[in-house]
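Quick notes on the structure that follows.
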Amino acid sequence: MLSVAALNQYYGESHTLWDLSLDIPVGASVALMGRNGVGKTTLLKCIMGLLPVRSGEIRYEDRSLTALRAEQRAELGIGYVPQGREIFPMLTVEENLKTGLRARGDKSKGIPEEIFEIFPVLKTMLRRRGGDLSGGQQQQLAIGRALVLRPKLLILDEPIEGIQPNIVSEIGDVIIRLNRARGKEVHFEKRESSVTDEIRDAIVRVNREMGVTVLLVEQKQHFVKRVADRFLIMDKGRIVAGGTMAELTEDLVRRYLTV
Amino acid sequence: EDTIKVGILHSLSGTMAISETTLKDTMLMLIDEQNKKGGLLGKPLEPVVVDPASNWPLFAEKARELLTKDKVAAIFGCWTSVSRKSVLPVVEELNGLLFYPVQYEGEESSKNVFYTGAAPNQQAIPAVDYLMKELKVKRWVLAGTDYVYPRTTNKILEAYLKSKGVKDKDIMINYTPFGHSDWQSIVAEIKKFGSAGKKTAVVSTINGDANVPFYKELANQGISAESIPVVAFSVGEEELSGIDTKPLVGHLAAWNYFMSVDTPENAAFITKWHQFTKDRKRVTNDPMEAHYIGFNMWVKAVEKAGTTDPDAVSKAIIGIEVPNLTGGMAKMLPNHHITKPVLIGEIQEDGQFQTVWQTKTLVEGDAWSDYLPESKSIIAQWTPPINCGNYNTKTKKCSGQKY
Amino acid sequence: MIAAKAAEAEIPGIPIRDGSVAEHRIEPAHKPILYLEDVTVSFDGFRALNALTLYIDEGELRCIIGPNGAGKSTMMDVITGRTRPDKGTIYFGQTVDLLTLDEPAIAEAGICRKFQKPSVFEAQTVFENLELAMRTDKRVWSTLFARLTGEQLDAIHEVLETIGLTAYRNRRAGELSHGQKQWLEIGMLLMQRPKVLLVDEPVAGMTHQETERTAELLLSLEGKHSVVVVEHDMDFVRSIARRVTVLHEGSVLTEGRMDEVQNDPRVIEVYLGA
Amino acid sequence: MRPLIFGMGRWCIAMLIMMMPGFCQAVADSGESFAEALVRLKEAPLTELGEAVDRLAETKDPRVVPVLRALLDGRLYYRKDDGHVVFGDPAEDGLAIVDVLDEQALGIVSKFELKKIGINNALRTHLRETLGRLELAVEDPAQRLKAVEAMSKSLDDENLELLRARLDVETDAKVSEAIKTALALADISNDEKAVRIAAINALRGSLNPDALNRLRQLLEKDEAGNYLEPDSDVRNSAQVAVKSIESKLALYGAVETVFFGLSLGAVLVLASIGLAITFGVMGVINMAHGELMMLGAYTTYVVQQLMPGHLDISLFVAIPAAFLLSALVGIAIERGIIRFLYGRPLETLLATFGVSLFLQQLVRTIFSPLNRSVATPSWMSGSLEINGALSLTLNRFYILLFCLLVFAALLQVLKRSRIGLEVRAVAQNRAMAKAMGIPTERVDALTFGLGSGIAGVAGVALSQLTNVGPNLGQSYIVDSFMVVVFGGVGNLWGTLIGGFSLGIANKLLEPYAGAVLAKILMLVFIILFIQKRPRGLFPQKGRAAEA
Amino acid sequence: MSFSLLRKSAVDIPFLAVLAAITLLVPLANLALPESSPLHLSTYTVTLMGKYLTYALLALAVDLVWGYCGILSLGHGAFFALGGYAMGMYLMRQIGDRGVYGHPVLPDFMVFLNWKELPWYWYGFDHFWFSLLVVALAPGLLAYVFGWFAFRSRVTGVYLSIITQALTYALMLAFFRNEMGFGGNNGLTDFKDILGFNLQSDGTRAALFVASALALIGAYAASRLVVESKLGRVIAAIRDAENRVRFLGYRVEQFKLWIFVYSAVLAGIAGALYVPQVGIINPSEFSPLNSLEIVIWVAVGGRGTLYGAVVGAILVNFAKTVFTGVLPEMWLFALGAIFILVTLLLPQGLTGLWRRKEQAA
Ligand SMILES: Nc1ncnc2c1ncn2[C@@H]1O[C@H](COP(=O)(O)OP(=O)(O)OP(=O)(O)O)[C@@H](O)[C@H]1O
Ligand SMILES: Nc1ncnc2c1ncn2[C@@H]1O[C@H](COP(=O)(O)OP(=O)(O)OP(=O)(O)O)[C@@H](O)[C@H]1O
Ligand SMILES: NC(N)=O
Ligand SMILES: [Mg+2]
Ligand SMILES: [Mg+2]
């Protein structure tokens, strides 16, 4: 799905990512871990095209992303939930969600109802300015917004930061469902009338056929353990370890994740 | 030095470029002409053009540059009074010569400046006389841009009108900022003022850019020249070329020259101008004539003195006569002002003026107005024994001169 | 622990204007230092705080939890003078009516805050950030002539150690990662030596181990400072919690020990989940 | 020769109506002949031209009216070589001339072969009055009204007689009204008290300024302190009439002031609304905004030059042309300069200031530093006469309408289309907008183009009010920023309401304070207002805005 | 902190040294060298350079509030002009009865606009020291009052910029009014001498140049101390996160007010030095475009570095002098192009070039 090879990135003169390489298989759910400041966010921004890279190659679905601008990458189906939420503060919740419609490519005018099923609070706040929401509400909005463009690859940078516990577990569910949709039944709670059912079913079907690949930066290990099937560990701008969740040993944690 | 340098100090950018650029071109044309005639004292003239950019301190700086760096023999320049005031100390300090071509408020006579435009007595007073006698105007609106020239002119006019028995309530005075563009209220007020049953006229010292919106508003509010004529002192052919003149036919201006004047000198001048600018539509105007006169006077004076030395030239130039473009002779007076005819013209549909009245004789420019109490007793005379620009005939003293 | 040491160290040369802090170290007090009574805040008709009443004791460490949008950050806004309530009273100690003070005066009085979204001075170095936060005379002229004393320098260095940014002291704060900024902001709080610390989501974006360190740090402040912590990380809250207040829809839903609160069905329903 | 035949026809009809049968034929043999009078007219110096006109009129020749009209319109010439008096109308390479005496077309000649018979103001008034008398019976009621008005200026017995006669047959209400007013004005001087009072009562509702002046005179005292009007009843009626007129005038005066304010406001709004987008929404401090307006104004000029015969529709061509030109220039500025400066908003100030200098000098180089003359289409000239005391100038009126139209259109574009949402998203968080798949570059270019295009359109409107010259932009840029900020950055409604309120406030102040002081007071007001509402009239609200 | 110290020593010492050298050499080259010497500087050049230095001082003032505190003042020309008027009034009073009307007290423009006596606000200006006081006080007071209201009301960003513009615009219109008693549009001009020295003599002009240079050096050094002080860092913090500074217990409005007033006083001093050298002060100095230009000098030089402002002011004005003489009809193209290119190619201004090298080293 996504592969990064020999990536080097600099902030001005300071070398942040060093010959970084990684591979994310289709349909995987990968957790990227590492201490503060090792370059996780930087890496995600490079993948998204928001930061220029000095050298190296980023490939997505067998095409090179390197020459593409961020908005073109979005159109290819990469959804991004940034660290710090990055809500459009003066747009209403509804407008925030609508910003993703263009990249969907299917001319739809409305926001898919499933978003509100996942995050009901957004429905009640459609007219409120994004910037007025509480931190946690904003985080939900940020995820919802990324889902609007119906991503094939979903990149999440610390998505549960500041989210109340019960919703954290819901977000976990969402990620799991999006990711494991392939070949499996997906049920979002049905609360709506049957009129929207069809649309939703369609989305669900598409989703199921697609299966969203997930790249997740997260520090909370119990959450990671629940939603990810693979992990990568970063240190000082390099990927230093990786594997299936089962391979995440106490030793690795102590070596790279404790201070 | 194998050329004689002539400084041209007119704004080519900024707010005043609209008016002054033409004067720069005029000077270039006159110098070109003179060179074709073989130059001056056997040397070609070389114009030095600088752009003071409608910035008053820059005028002083550029004047200094012309006099010290370029060592020009004379400067032709300035339009607004403030630019002249800014340059004045510089030409006095460095003993340069400045020829100033625009009508102005008077109250000045410098050893180093020659005023070839009209003094108030060569424009404002005759115009008011005309309105009073010919149009039987009884009520007066004195409208002007809020700066020294209109203020002074209006002060002189107010004193003059009162001396003719006009009452306070029949005079309305209104000042507006530079570039004023919303004239609705003022024009409405003028309209009201003019509907009191007495013949009313507007004496306009409105300057430059503000005129276009002013006249447009006049036209739109239906104030025609017949109901309330406007006589302007700062609107010439150049300004009219930027206005749709159809609705303005019949409004007046007082100048010492109109492009429409039918004399051979003028026809020749216009032809040369059209050739020089390669534009048959370019108009000529009063300050251009002033430069024409000033330049020719300077040339004659230099020839007479046999040198471009400022002291010799200023001595030689007094009394020199050159033809003006309206068929008479302009003479440099000892007060550094010149003699001029006064013409009143009405705006025509084609943007020209038609002369409707003219002084019988030439009027001598008066540096110090006789209608202002403080300057009544002051005279300017740059010839011995007085040799002073502001000589008080009462105290017999020459004030404020550095020489 | 380094953290504890830093917080304990008296910084000579900086007068602590109120001796009461030292007093209560001996006997943890039950005297409220912060009173919120009947505080209501609404935005365009929406009630973010609804007749909220809350007391914080001197030297106490209080955790506040509650669903997203319950009004926790708004409560801090109201206490620090950022938002004016429509109704209600807020007192600091017995006498200081916070509603009559503006932000700097409230800060001066000894209430400091860490924002939910880390906010540091991005163009300045880590060191300078700490220096600016330092408790000292903050009037214009004295700031102009301020010189760092050796003790002040030591204090800054100690805090740098505490927050693990010694190596970054000359970095511009804008170049720090998210988590580093969180630490820096905590460091700035420490520099201010406040009586009341309001800490909004301090461990967001931290690793498990960093979270533990923060817990230690906050615990070490207990007794000397009143600390109000808002956090959604339940492990963290459990590790520091004494008394826990649950906010819901702008008012207190319940209050009590962690284990009580945790098992309250209403809290499970609106907040914790199954 | 259409006009002539037309005129003659009218002349005869007029005479017929005046019940003077046979007049048409009779004219030829009375007094001086038409040809002689014409020669006198040609040779008279300005001071004697009036008398020559009278003589000509006395000939009662059917050709008199067209000749006098031509004289009034400046179409009357004589040939320098043979002295023939001719009508001249502009044609290519000179004037097409027609002999006055025998209506022979004499071909096209150069201006220099002719001499115009010039007139002056006094003469113009005189001519109009004379023509009025002669034309009192023309078909066009508007022209009749003018004729009556011209005659009312000098109410001698002859004119009164004509007017009375006309009143009996007049069908148009406005003309009748005007004649009645004129007759009443005359009656005020009547010896009989009853007639005077009747006349006064007739004038009670009149908004004719002469009526008010005349009525006021009745209330004045002479030097000795005696009333000019001896009869107290007459004075009392006059008093009542004056009061009623004055209260009406006050009302209409207020309406007029509001209109003045709205129209000044409309100009401000037009000038700033494009800025409300580029500055308010995109955050670009565009110092070249004024120059983009200037381009719009020059476009109007060029369009008028290109289609000389179609003045009346020129604006409808100029508006889209100006929009396009300014939009394209705007897009060029955005693509060439501004796009490198996002995230550095203050730098846009520096670069666009450079652009503004550049554009100014460019038009100076292309069009010369002189102002260009932009003509006003006939449908925008003059005023909409509501009544004698209130008339709205048409150009202002249309510009007010236009302003509202532009505003509404813009609002729709930003509301309805995706671009409205996207541009705000881009402005608020460029990186995130990209990550959401918004083509920020295209959005920037289009938005900047839109704002610039509107500036161009505003320039078309300004060309109808003020100078079209290189400085046009500079004189509006400060005011534009002031309006946007006063209204609240980022809020189009704020710009609209802000512009109108500043306009009205200015016009309310102006009569008391004068133009200069009014402007100063407005500025002080803005400064104080911003203290009260530091984010303008309609501030952006919310947590984000406060931070 | 050590960081900032580095910054200071690396640039300031050579920079101040150059200024000091100019202060010494320019008058020498003007007065001591004969005109025939190739190194001789004409009085015209000296005066011109003196003017540049006053502009540099003005730019420095703007850089302090804009570059360091983030207050984009589009009205600093007002403080400059006020200082200039105060000096102009002194120079007018020095004329005494040598005016054209020979009035013992009233300046010429008052005589001919019928003023009967000197307005009260003209009192005291016959004393040099009083005038100097007003040179600093008038702009300082205006800045204080204006800033007190604006900062207390938390007017920030473009709102503040635009009302500073409104301020200078209003003052321009007010000073245009002849009723104000400051000479209307013509302003104050035709000065004769200062402290008894003839303003037109070479010696006086050289002295004015030296005074300007010393003022610039002094202001530069003082401002450097200010921005390197803790106050300087608070100011910079306000620029970046005003609210956060408040929550640290700083009274943001007072800090802003302090730097604003300080900057206004510097601008006033610059104006006072400018007027005797150019010979005129009139309301166009208040014009909003003038104030905008100052900001542009700073941006061209590089904001947020004191020397950038100085360099920018001198270079832009030098370019103007040259262009208006050499390319009188095209110079706006050249100037416009410079502004555009500097913005695009040198985001940190001209001195950014130099700084980049320094960082690389
Ligand atoms: N804009 C920037 N300019 C310079 N350096 C930066 C910038 N942003 C981040 N850095 C530096 O790059 C390094 C990596 O930062 P990054 O934000 O990628 O870390 P992270 O792994 O996401 O940390 P966290 O878990 O705290 O979010 C950090 O040391 C940080 O100081
Ligand atoms: N300026 C505002 N305008 C409108 N609504 C607001 C504003 N400020 C806050 N709110 C609303 O008030 C409620 C409380 O917000 P607050 O930020 O206090 O929540 P919180 O408890 O801190 O939540 P979280 O845990 O997610 O940070 C939210 O629903 C938010 O949308
Ligand atoms: N002298 C003038 N017209 O300013
Ligand atoms: Mg990160
Ligand atoms: Mg919160």
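Heavy-atom basis, side chains included; hydrogens, waters and symmetry copies ignored. Every chain is numbered from 1 and lettered A, B, ... according to where its sequence line falls, protein lines coming before strand lines.
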- Applying side chain to side chain contact (heavy atoms under 4.5 Å, CB included), run through A/Leu50 and A/Tyr80 and close with a yes or a no. CA-CA 11 Å; A/Leu50 297 175; A/Tyr80 178 53; 3.7 Å; yes
- Item | Which portion of C/Gln180 sits near chain A, non-hydrogen atoms under 4.5 angstrom | both
- Message: Report which part of C/Val230 has an atom under 4.5 Å of a heavy atom belonging to chain A: side chain, backbone, both, or neither.
- Response: neither
- Query: Should the pair C/Arg113 and C/Phe115 be classed as cation-pi, given the thresholds of under 6.0 Å to the six-membered ring centre and 45° from the axis?
  - Reply: yes
- Message: C/Met191 vs C/Ile156, test: side chain to side chain contact (heavy atoms under 4.5 Å, CB included). Steps then yes/no.
- Response: CA-CA 7 Å; C/Met191 291 306 300; C/Ile156 295 175; 3.6 Å; yes
- Query: For A/Gln138, is it the side chain, the backbone, both or neither that has a heavy atom under 4.5 Å from a heavy atom of chain C?
  - Reply: neither
- Could you check which of A/Gly34, A/Gly39, A/Gly37 has the highest count of heavy-atom pairs closer than 4.5 Å to chain C? A/Gly37
- Among the options A/Gln221, A/Lys40, A/Arg128, A/His222, pick out the one with the most heavy-atom pairs lying under 4.5 Å from chain C. A/Arg128
- Query: Any ion pair linking C/Arg242 and C/Glu222 (charged N to carboxylate O, less than 4.0 Å)?
  - Reply: yes
- Message: Please determine whether a side-chain nitrogen of the Lys or Arg among C/Arg172 and C/Glu175 lies less than 4.0 Å from a carboxylate oxygen of the Asp or Glu.
- Response: yes
- Can we say C/Glu103 and C/Arg82 salt-bridge, meaning some charged N sits less than 4.0 Å from an Asp/Glu carboxylate O? no
- Task: Kindly compute the distance separating CD (A/Glu250) from CG (A/Leu252), expressed to the nearest 0.5 Å.
- Result: 9.5 Å
- Task: Let me know if A/Gln137 has heavy atoms under 4.5 Å from chain C in its side chain, its backbone, both or neither.
- Result: both
- Part of C/Phe46 within contact of chain A (heavy atom distance under 4.5 Å): side chain
- Message: Would A/Arg145 and A/Phe88 count as a cation-pi pair here, with the cationic atom under 6.0 angstrom from the ring centre and within 45° of the axis?
- Response: yes
- Item | Heavy-atom contact with chain A under 4.5 Å, split by part of C/Asp44 | side chain
- Relative to chain C, which of A/Gly136, A/Ser14, A/Gly12 shows the most heavy atom pairs under 4.5 Å? A/Gly136
- Most chain C-contacting option - heavy-atom pairs closer than 4.5 Å, from A/Thr41, A/Val253, A/Ile163, A/Val217: A/Ile163
- Looking at C/Ser73, C/Pro67, C/Ser177, which has the largest count of heavy-atom pairs under 4.5 Å with chain A? C/Pro67
